[in-house]
Amino acid sequence: MPSGQRAQWKGFLKFGEVSCGVALYTAASTSDRITFNTINKATGNRVNRIFIDSETEDPVPKEAQTKGFEIENGQYIIIDPEEVSAAIPESNKTLEIEAFIPCSDVDDVYFDKPYYLTPDKMGGDAFAALRDAMEKSMVAAIARTVLFRRMRTVLIRPHGKGLIASTLNYDYEVRSSEKAFEEMPKLKIQGEMLDLAKHIISTKKGEFDPATFADRYEAALADLVKAKMEGKSLPKPKKVQVSKPNDLLAALRESAGMMKAAADKPKRTAANANTGAGRQRAARGAATKSAASKAAPQRKAS
């Protein structure tokens, strides 16, 4: 069980006639982001949300609210919350694996939310057998169960010491890529233009390292909050430098030349580079934590 985390779901993972107890834990969270309340400028007080009738404009208390499905413009079928609850499939608390598929078979556009899947104390052997067999076979598992009051399809993959379960979007939820790209002209890039683009790509190759990705928006918010708390002048936004070349080929030639010049410069040793990056990340983290901790009373969403 991850330290300090509460399981989002507990149940059983079943493959064939083998089953083991498992738990799902959130793998990605936005709870650490800086958020703001809505404030009345005139009084400085927090603003409360009030639901009003769209026709009479009278406030509607919570006990007088219900659900409705619009069948025509302004006409609704009333559906009580009890009827909604009755329509939700009952959960058998079992993630039953229906098939094993190649990991590459699922298009990333179907991925919804990731969860860490861990075994309970009594199901470690069965869990580990499934994990290791999937890893050696290079397959993922498709399973279905009721999660968070909805029937969900889940893709399960080996991940470190455990498994990662990603809920999948249904086909009707994924918009057509053909419609998204239907107005794009059919262009075939060849010759020098293609060679220059390939050259730029070859000089910028790297590895995926999430630790190096800075949330610039969050850092800017932290700086803004810190400046306001200390009564300092607000940070000035940087001016955007508009690219001068209008010709694509000229821009590619200029970019390729800049990349070549950068590649020819002597590089810092890996140890120095990592140390510098580590210091920068530590400094940014300290500033963000400081501002976030001082602004804690204002971080809860309205």
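Because the structure is a prediction, the values reported are computed rather than measured. What's counted below: heavy atoms across the whole structure, side chains too, no hydrogens, waters or symmetry copies.
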Quick one: closest heavy-atom pair of [X] and [Y], and the distance?
{"X": "N169", "Y": "V109", "answer": "ND2-O, 3.4 Å"}
{"X": "T26", "Y": "A28", "answer": "CG2-O, 2.9 Å"}
{"X": "I97", "Y": "L130", "answer": "CD1-CD2, 3.9 Å"}

Under the 3.5 angstrom rule, does the side chain of [X] hit a backbone N or O of [Y] as a donor-acceptor pair?
{"X": "E96", "Y": "A143", "value": "no"}
{"X": "T145", "Y": "T94", "value": "yes"}
{"X": "D53", "Y": "E55", "value": "yes"}
{"X": "E83", "Y": "D80", "value": "yes"}

>> So, using side chain to side chain contact (heavy atoms under 4.5 Å, CB included) as the criterion, who are the partners of A126 when residues are at least two apart?
In response: V18, C20
>> The criterion is side chain to side chain contact (heavy atoms under 4.5 Å, CB included); which residues satisfy it with S137, sequence neighbours excluded?
In response: V139
Would you say the side chain of [Y] lies within less than 4.5 Å of the side chain of [X], judging by non-hydrogen atoms?
{"X": "W9", "Y": "V22", "value": "yes"}
{"X": "Y116", "Y": "L24", "value": "no"}
{"X": "L163", "Y": "F127", "value": "yes"}
{"X": "R46", "Y": "T38", "value": "no"}

> Quick one: do R144 and E98 make a salt bridge, cutoff under 4.0 Å?
Replying inline: yes
> Between E135 and R131, does at least one N-O distance fall below 4.0 Å, as a salt bridge requires?
Replying inline: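 No salt bridge links E135 with R131.
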>> Evaluate I39 against V47 for side-chain contact (heavy atoms from CB on, under 4.5 Å), listing each step before the verdict.
In response: CA-CA 5 Å; I39 304 297; V47 174; 5.7 Å; no
> Quick one: ring pair (Phe, Tyr, Trp, His ring centres under 6.0 Å) partners of Y115, sequence neighbours excluded?
Replying inline: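 With sequence neighbours excluded, Y115 shows a ring pair (Phe, Tyr, Trp, His ring centres under 6.0 Å) to F148, given in chain and number order.
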>> Test: salt bridge (Lys or Arg N to Asp or Glu O under 4.0 Å). Region: residues 172-186. Which pairs qualify, not counting sequence neighbours?
In response: R150-E173
What distance do [X] atom [atom1] and [Y] atom [atom2] have between them, rounded to the nearest 0.5 Å?
{"X": "I142", "Y": "I156", "atom1": "CD1", "atom2": "CD1", "answer": "8.5 Å"}
{"X": "K113", "Y": "L147", "atom1": "NZ", "atom2": "CG", "answer": "11.0 Å"}
{"X": "F15", "Y": "M134", "atom1": "CZ", "atom2": "CE", "answer": "10.0 Å"}
{"X": "K198", "Y": "I201", "atom1": "NZ", "atom2": "CD1", "answer": "9.0 Å"}
{"X": "E57", "Y": "I52", "atom1": "CD", "atom2": "CD1", "answer": "5.5 Å"}
{"X": "D120", "Y": "K10", "atom1": "CG", "atom2": "NZ", "answer": "8.5 Å"}

>> Go through it in stages, so that I can follow the logic: the residues are V154 and L95, the test is side-chain contact (heavy atoms from CB on, under 4.5 Å), and I'd like the CA-CA distance, side-chain angles, deciding distance and then a yes or no.
In response: CA-CA 8 Å; V154 178; L95 265 171; 4.1 Å; yes
More than 12 heavy atoms of other residues, nucleotides or ligands under 6.0 Å from [atom1] of [X]: is that the case?
{"X": "F100", "atom1": "CZ", "result": "yes"}
{"X": "D125", "atom1": "CG", "result": "no"}
{"X": "E70", "atom1": "CD", "result": "yes"}
{"X": "K93", "atom1": "NZ", "result": "yes"}

>> Filter on ring-ring contact (aromatic ring centres under 6.0 Å, His included), then keep only pairs touching residues 61-84, sequence neighbours left out; what's left?
In response: none
>> side-chain contact (heavy atoms from CB on, under 4.5 Å) for I77 and I79? Distances and angles first, verdict last.
In response: CA-CA 6 Å; I77 293 176; I79 301 176; 4.2 Å; yes
>> Are V174 and L168 connected into the same hydrophobic cluster when the rule is that any two of I, L, V, M, F, W, Y join if their side-chain heavy atoms are below 4.5 Å apart?
In response: yes
>> Run T153 and T167 through side-chain contact (heavy atoms from CB on, under 4.5 Å) and show every step you take.
In response: CA-CA 6 Å; T153 303; T167 53; over 6 Å; no
> For S166 and R157, does a side-chain donor sit closer than 3.5 Å to a side-chain acceptor?
Replying inline: yes
>> Running the 4.5 Å side-chain criterion over Ile, Leu, Val, Met, Phe, Trp and Tyr, what cluster does M151 land in, apart from itself?
In response: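 Under the 4.5 Å side-chain rule, M151 groups with V146, Y170, Y172.
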